[in-house]
Amino acid sequence: KRIAIFTFDDNAWGLANERAVTAAAREHQREVVDVVRTQEMHPNLSSIYPAMLRKKPDAIFAFHEPLGLVKPLRELQY
């Protein structure tokens, strides 16, 4: 399986979760195909998601403000 990670760029929460997922991926022989970090509270997902999806992840782990994350993915038919 191929994994992409989208995270808020802070040590207390986003990066800690990124490290945990990356370690678990290695442990289970999964490939992390993309990591996107942002400090924006409401990033422009119309450029982030298409670039991420071109790398064909089987799963996206998102550690960010959740309200706006799912709808753009559905609009891209993910």
Side-chain angles (χ1 to χ4, degrees):
K1 298 280 182 187
R2 298 164 55 87
I3 297 169
I5 301 170
F6 177 64
T7 186
F8 194 70
D9 191 2
D10 76 326
N11 282 324
W13 187 73
L15 297 179
N17 285 313
E18 176 191 328
R19 286 189 291 270
V21 169
T22 301
R26 276 193 215 111
E27 181 180 331
H28 295 282
Q29 292 88 39
R30 303 297 188 242
E31 179 184 6
V32 176
V33 296
D34 197 15
V35 176
V36 175
R37 298 176 193 99
T38 181
Q39 291 185 343
E40 296 175 44
M41 192 56 164
H42 300 285
N44 180 357
L45 299 173
S46 64
S47 62
I48 292 171
Y49 279 161
M52 185 179 279
L53 293 176
R54 281 193 291 276
K55 297 177 183 178
K56 301 190 185 298
D58 296 300
I60 297 174
F61 289 83
F63 303 103
H64 205 288
E65 189 278 319
L67 294 177
L69 297 178
V70 175
K71 185 178 178 185
L73 281 174
R74 287 188 177 166
E75 290 171 353
L76 292 168
Q77 299 177 347
Y78 182 76

Problem set entry | Distance in Å, N17 CG paired with F63 CZ, rounded so as to fall on 0.5 Å steps | 4.5 Å
Seminar exercise, completed: Rounded to the nearest 0.5 Å, the CZ atom of R26 sits from the CD atom of E31 at a distance of 12.0 Å
Exercise. For E18, which of V35, V36, V32 qualifies under side-chain contact (heavy atoms from CB on, under 4.5 Å)?
Worked result: V35
Exercise. Side-chain contact, heavy-atom cut-off 4.5 Å: I3 with P57?
Worked result: no
Exercise. Roughly how far, to the nearest 0.5 Å, is the CG atom of N44 from the OH atom of Y49?
Worked result: 11.5 Å
For this session: To the nearest 0.5 Å, tell me how far F6 CZ sits from D34 CG.
Result: 10.5 Å
Exercise. Between R2 and D58, does at least one N-O distance fall below 4.0 Å, as a salt bridge requires?
Worked result: no
Problem set entry | Side-chain touch N11/R19, heavy atoms, less than 4.5 angstrom | yes
For this session: Rounded to the nearest 0.5 Å, what's the gap from CD on E40 to CG on L45? Could you check?
Result: 9.5 Å
Seminar exercise, completed: Heavy-atom closest pair (L15 atom, T7 atom, distance to 0.1 Å) is N-OG1, 4.0 Å
Exercise. Where the side chain of R30 meets the backbone of H28, is there a donor-acceptor pair that is under 3.5 Å apart?
Worked result: yes
Seminar exercise, completed: Output for pair (F8 CZ, R37 CZ), nearest 0.5 Å, gives 13.5 Å
Problem set entry | Flag side-chain contact, heavy atom, 4.5 Å: K56 against V33 | no
